[in-house]
There are 2 protein chains.
Amino acid sequence: MTDETVMTSSTSDVKSPQRMPVAERRTALIDAALRVVAQHGVSGATTRAIVAEAGMALASFHYAFSSRDELMTELVNHVIEHEQTALVPPLPHEAASVRNVLRDGLQRYFDHLVEEPEREQAMLELTQYALRTPTLQSLARRQYDRYFEMARDSLTLAAELTGAVWRVPTEEIAHLLVAVTDGLTVGWLVNRDDAAARALMDLAADSIAHLAEESA
Amino acid sequence: MTDETVMTSSTSDVKSPQRMPVAERRTALIDAALRVVAQHGVSGATTRAIVAEAGMALASFHYAFSSRDELMTELVNHVIEHEQTALVPPLPHEAASVRNVLRDGLQRYFDHLVEEPEREQAMLELTQYALRTPTLQSLARRQYDRYFEMARDSLTLAAELTGAVWRVPTEEIAHLLVAVTDGLTVGWLVNRDDAAARALMDLAADSIAHLAEESA
DNA sequence: TGATGAGTGGGACGATTGACTCACTCTCAT
DNA sequence: ATGAGAGTGAGTCAATCGTCCCACTCATCA
C-alpha cells in the first residue's frame, strides 16, 4: 500500500515529466489534436481531450500554446503542409495508357482513403472549419491550390509516361480531377460502397483519358 | 411613455405570443435552425441562437422539442426531404446535344449554389454532422441515394431529349455526375472562382457526354 | 363571463468549456 | 551537489451550454 508513493516517484514512469523542447511539445500536441479531430470531430477537439490524447497535463497546453485558436491555426497549417496525400504518385508504368495511369493514381488515393477514413474526414472538417474562420480562409485556398498542383503534375507525368498529349490545358483537367476525387471521398465516406467507388474510378479515368490525344 | 405597455398588450404585436399549433412551431424552429447553421455553422446552432432567430422564447424550445438532439435529427430529416436542389431540372431543349443538356443542368445547379452559398455549406456541414452521429448515418446515406436518383433521372431525360443512348449504365454515370457536382461545390466554396467553375462544368459536360452514343 | 390551458418570461441548475495561476517536483548543466 | 528552470498537479475563474421550472398572461370557448 505504502509502495504506491514509491512508484509515483519512479523516474522512468510513463506519466513522468517528458523533458522536451517547446517546439517538439507543440508538434506533439498538434499530432494529438489531429487524432482527436479524426475521432471526435472539430467540436470534440477540446483542450482537455487534446492533452489527454497527448498524455500531457492540461497546464502544458497553455505552456506550449497561447490559446486554443493558435493550436487550431497551427493544426490547419500542419495538415496543409504535411498532407501530400499522394493523390497520384508517380510509378514507372509498363504498357501504360493514359487511362491506366489515371486509374492507378485514383486507386492509390482510394487505398489511402480506405486505410484511414477518419483522417480524410478530419481533413474535410478542418476545411469547413477554416472556411468558417476568417483568419484561416486563405489557408483553405492554399490547400486547394496544392491539390490542383498535385493533380496537374500527375496529369503532366501521365502524358510523359505514355507519350500522349492533352487536348485541354492541364490546369482545367486538374480541376476536374480534384473535383472527382473530392466527390469520390465524400461519397465513399457516406456509403462505404467499395464497388461503387471502383466503378466511379473506372468511369472517371475513362472520361478524362478521352481528353488526351493518345498517339503522340 | 406610458403607451409602451399598451403597445405590449397589443394583440397583433410581433413579439406577442404566437398562438400556433405545436407542429407549426416545430417547423418554424427547424427553419430557424437551418438559417443559423447556414450563418454560424452547426456548432453555432445553440438553442438560444435558434430561438432568437425564430423570434421565440427560450422556453418555447423545449415546449416544442424534448431536446436539441431531437431538433437536429428533425433538421437533417427536413433538409433531406425538402431539399431537391434541382440538380438538373428538365427543360425542353431545342437543338440539344447531350453535352448541352448536361452543361445546362450543371449551370442551373451552379446558379443555385452562387445564389445561396451558405445554404449549400450548411448542407455539407449537416452531412458531416450526420456522419458523426450514429443515429443519423442512415439519413446521410438516404440523402446521397436521392442525389443519385436525381442524377440518374436527369441522365435518362437527357438521353430522351436528344435521342442518344448511354453506353454505360446510367447508375454508374450518375455516381460520376454526383461526384463532380460535389467536388464543384466544395471547390467553389473554397475559392469562389467563377471562371474555374465554368471551365470545370464545360469539361465535365464534355467528358460525360462522351459516354453517350449521340446518333440513336 | 369565467375557467381552462396553450404559450411566455425570466430565471436557475449543473456540466463543460477555454483560460489562467501558483506552489511544487524533478531533470540537467554547471 | 546544487541552483535554475522546464514541466506538473490541482485548483479556480467566468462564460456558455442544454435543460428545466414555475408563476404568469391571454386567447378561446363552454
Side-chain angles (χ1 to χ4, degrees), chain A residues 4-30 32-33 36-37 40-75 129 133 135, chain B residues 4-30 32-33 36-37 40-75 129 133 135:
Chain A
E4 287 181 352
T5 43
V6 177
M7 281 301 293
T8 305
S9 62
S10 161
T11 55
S12 61
D13 189 5
V14 190
K15 278 294 190 62
S16 70
Q18 301 283 348
R19 189 66 56 134
M20 52 169 81
V22 190
E24 190 175 337
R25 189 168 292 277
R26 283 169 70 99
T27 67
L29 278 170
I30 289 175
V36 173
V37 170
H40 304 102
V42 171
S43 63
T46 65
T47 54
R48 286 169 176 81
I50 292 171
V51 296
E53 172 71 29
M56 298 177 16
L58 180 55
S60 302
F61 186 94
H62 286 93
Y63 186 82
F65 290 96
S66 68
S67 71
R68 181 180 174 272
D69 277 358
E70 187 186 332
L71 176 134
M72 291 302 289
T73 300
E74 287 293 309
L75 174 56
Y129 173 78
T133 310
T135 323
Chain B
E4 286 181 353
T5 44
V6 178
M7 282 301 292
T8 304
S9 61
S10 160
T11 56
S12 59
D13 190 4
V14 190
K15 278 296 190 63
S16 69
Q18 301 282 348
R19 188 65 58 135
M20 51 169 81
V22 189
E24 189 174 338
R25 188 168 294 275
R26 284 169 69 99
T27 67
L29 277 171
I30 290 174
V36 173
V37 170
H40 304 101
V42 171
S43 65
T46 66
T47 53
R48 286 168 177 80
I50 293 171
V51 297
E53 172 70 29
M56 296 177 15
L58 179 55
S60 301
F61 186 94
H62 286 93
Y63 186 82
F65 290 96
S66 68
S67 71
R68 180 179 175 274
D69 277 358
E70 187 186 332
L71 175 133
M72 291 304 288
T73 300
E74 288 293 309
L75 174 57
Y129 173 79
T133 311
T135 324

B:Phe61 atom CZ is separated from D:dG18 atom C1', nearest whole Å, by 9 Å
Name the closest nucleotide to the B:Leu58 side chain, picking from D:dG18, C:dG11, D:dT8.
-> C:dG11
Would you mind reading off the distance between B:Arg48 atom CZ and D:dC20 atom P, rounded to a whole angstrom?
-> 13 Å
Gap separating the NE2 atom of B:His40 from the CD1 atom of B:Ile50, nearest 0.5 angstrom | 12.0 Å
With a non-hydrogen cut-off below 4.0 angstrom, is B:Thr47 in contact with a base, only sugar-phosphate, or nothing?
-> base
Euclidean distance, A:Phe61 CZ relative to A:Arg26 CZ, rounded to 0.5 Å = 10.0 Å
Given D:dG9, C:dT17, D:dG7, which nucleotide is nearest the side-chain atoms of A:Tyr63?
-> D:dG7
Distance, rounded to the nearest Å, where B:His40 contributes NE2 and D:dT16 contributes P = 14 Å
Mind checking A:Ala59 for me? I need base, sugar-phosphate or nothing, with any heavy atom below 4.0 Å counting as a touch.
-> base
Pair listing, side-chain hydrogen bond (donor to acceptor under 3.5 Å, both in side chains) test, anchored in residues 44-65 of chain B, at least two apart = B:Arg35-B:Glu53
Near DNA chain C, under 4.0 Å by heavy atom, which residues of residues 64-71 of chain A?
-> A:Ser66, A:Ser67, A:Arg68
Below 4.0 angstrom from OP1 or OP2 of C:dG7, is there any side-chain N or O of B:Ser60?
-> no
So, does the side chain of B:Arg25 form a donor-acceptor pair with the base of C:dG7 at under 3.5 Å?
-> no
First locate atom OG1 of B:Thr133, then atom CE of B:Met72, and finally report the distance between them rounded to the nearest 0.5 Å.
-> 7.5 Å
Grab the CG-P distance between B:Leu29 and C:dT8 for me, whole Å please.
-> 10 Å
dist A:Asp69:CG -> A:Glu74:CD (nearest 0.5 Å) comes out at 12.0 Å
For A:Glu24 and D:dA6, what is the distance between atoms CD and C1' respectively, to the nearest whole Å?
-> 13 Å
